[in-house]
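The structure appears right after this line, and notes come after that.
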Amino acid sequence: MAKKYDTTDAADVERKLASKCSRTLLALPIAALGLLAWQTTAMAAAPVAAAASQTAENAGQATQQEAGKAEAQQPQGLPVEPVKAAETESAKTPSTPAAVEPTAKKAEPRKNIEVQLEYLEGRFFKKRDVDLYNVHVYRQYKELGALSLHYGLTFERATGSTTEDDIWRDAEAVGFGPSYMMRWTKHISGKLDGSIDGSGSLLVYNHAHPGNGRAYGFLWRIGPRLTYHYTDRDALSLAYLFHHSSNGMSTHNPGYNGVGFSLGFTHWY
């Protein structure tokens, strides 16, 4: 009996084989395309990675060069950061006038006002008995070592009389005028000074003085003075003076002399 074959199964098998072959043949080009795309991407990324690596390497070298320059410029033994901190701190700190040394100025001598009250008794002339009550006001304007120079005014009240040529004449008068004084001073001890005063005054009187004289005259004084500085700005002084008064003319010049005491008060400002 003849063996029969199922043609339907064979056809199915062939179709399945053909389908598998078709899928296989379709997958191969897809895999080839995928491999080609991967290779293309890898080849494109390689230069970018190389460039990035080169840039990083160059940056590292530049950083090392800058660090080397900073180390070369930095003084040996001194770190960079503390110096910058000090500079920043000094920049923040404002400059003050105390940081600048003041310019030395030459000390100026102090000015003062001196008032002298004195009584001078007529002496040495029997026929010229004239006493003086004087007020002097002086201002010191210059000092040359121990020597000081003063200018001021003198107010004089004269009393007494003269008996020249056996004629009695009144010697009372009032005089006023400028005065100039020179004083040499020596410090004694503590608050006490000693000095020699010499002064001259030009006086204009209210009438001829003394009798048979003229309405003007000169008053010259000289003598020692002790000065006590009882504060830094104030002092009291006492002097014993000799004086000569005359008008300086060869005629009508009944001059007279005297001695007496002078009490002074000085204030510095």
Side-chain angles (χ1 to χ4, degrees), residues 104-125 128 130-160 173-205 209-210 213 216-249 253 255-269:
K105 294 183 178 180
K106 185 178 179 180
E108 297 182 357
R110 294 188 301 172
K111 300 176 182 179
N112 64 48
I113 291 293
E114 181 175 351
V115 179
Q116 299 175 2
L117 307 176
E118 67 185 14
Y119 167 70
L120 302 175
E121 183 184 7
R123 297 279 185 89
F124 312 110
F125 288 96
R128 299 172 189 174
V130 182
D131 296 338
L132 301 179
Y133 299 86
N134 299 330
V135 177
H136 309 275
V137 180
Y138 290 106
R139 179 183 181 276
Q140 178 179 321
Y141 74 93
K142 198 167 187 179
E143 189 171 0
L144 304 171
L147 181 66
S148 59
L149 306 179
H150 311 250
Y151 63 84
L153 296 171
T154 295
F155 175 83
E156 180 179 288
R157 176 70 170 96
T159 62
V174 174
F176 181 79
S179 181
Y180 190 86
M181 180 176 70
M182 300 176 64
R183 172 178 290 163
W184 181 86
T185 303
K186 174 70 174 178
H187 179 68
I188 298 176
S189 65
K191 298 182 178 181
L192 190 63
D193 291 341
S195 64
I196 300 295
D197 294 0
S199 67
S201 301
L202 172 62
L203 302 175
V204 177
Y205 299 101
H209 170 79
Y216 70 91
F218 297 93
L219 170 65
W220 306 98
R221 303 179 305 149
I222 190 170
R225 181 180 296 271
L226 290 177
T227 302
Y228 177 73
H229 300 266
Y230 61 95
T231 69
D232 292 338
R233 292 180 175 270
D234 302 293
L236 289 175
S237 63
L238 181 64
Y240 183 77
L241 302 174
F242 167 83
H243 91 88
H244 172 71
S245 295
S246 68
N247 58 28
M249 303 294 291
N253 183 24
Y256 54 93
N257 300 330
V259 293
F261 293 92
S262 172
L263 178 65
F265 169 77
T266 306
H267 175 71
W268 282 265
Y269 60 95

Does some side-chain heavy atom of [Y] sit less than 4.5 Å from a side-chain heavy atom of [X]?
X      : Y      : result
Val130 : Ser245 : no
Asp197 : Arg221 : no
Val259 : His243 : no

(request) Applying side-chain hydrogen bond (donor to acceptor under 3.5 Å, both in side chains) between His136 and each of Glu118, Glu156, His150, report the one that passes. (result)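 Of Glu118, Glu156, His150, side-chain hydrogen bond (donor to acceptor under 3.5 Å, both in side chains) with His136 is met by Glu118 alone.
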(message) If the condition is side chain to side chain contact (heavy atoms under 4.5 Å, CB included), which residues does Trp268 pass it with, not counting sequence neighbours?
(response)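 Residues passing side chain to side chain contact (heavy atoms under 4.5 Å, CB included) with Trp268: Arg110, Asn112, His229, Ala235, Thr266.
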(message) Testing the 3.5 Å rule here: is there a donor-acceptor pair between the side chains of Thr159 and Tyr133?
(response)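 There is no such pair (donor and acceptor under 3.5 Å, judged by atom type) between the side chains of Thr159 and Tyr133.
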(request) Report yes or no: do Arg225 and Ser195 form a side-chain donor-acceptor pair below 3.5 Å? (result)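 The criterion, which ignores hydrogens and geometry beyond distance, is not satisfied for Ser195 and Arg225.
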(message) Can you classify the ring geometry of Tyr230 versus Phe265 as parallel (below 30°), tilted (30 to 60°) or perpendicular (above 60°)?
(response)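 Tilted: the ring planes of Tyr230 and Phe265 meet at 30° to 60°.
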(request) Not counting sequence neighbours, list each pair that qualifies as a ring pair (Phe, Tyr, Trp, His ring centres under 6.0 Å) and has a residue in residues 183-205. (result) Tyr205-His209
(request) Supply the atom-to-atom distance Leu238 CG to Ser262 OG, rounded to the nearest 0.5 angstrom. (result) 7.5 Å
(message) Tyr240 vs Phe261, test: ring-ring contact (aromatic ring centres under 6.0 Å, His included). Steps then yes/no.
(response) CA-CA 5 Å; Tyr240 183 77; Phe261 293 92; 5.1 Å; yes
(message) I'd like to know whether Tyr216 forms a side-chain contact (heavy atoms from CB on, under 4.5 Å) with Met249, so could you lay out the CA-CA distance, the side-chain angles of the two residues, the decisive distance to 0.1 Å, and finally the verdict.
(response) CA-CA 10 Å; Tyr216 70 91; Met249 303 294 291; 3.3 Å; yes
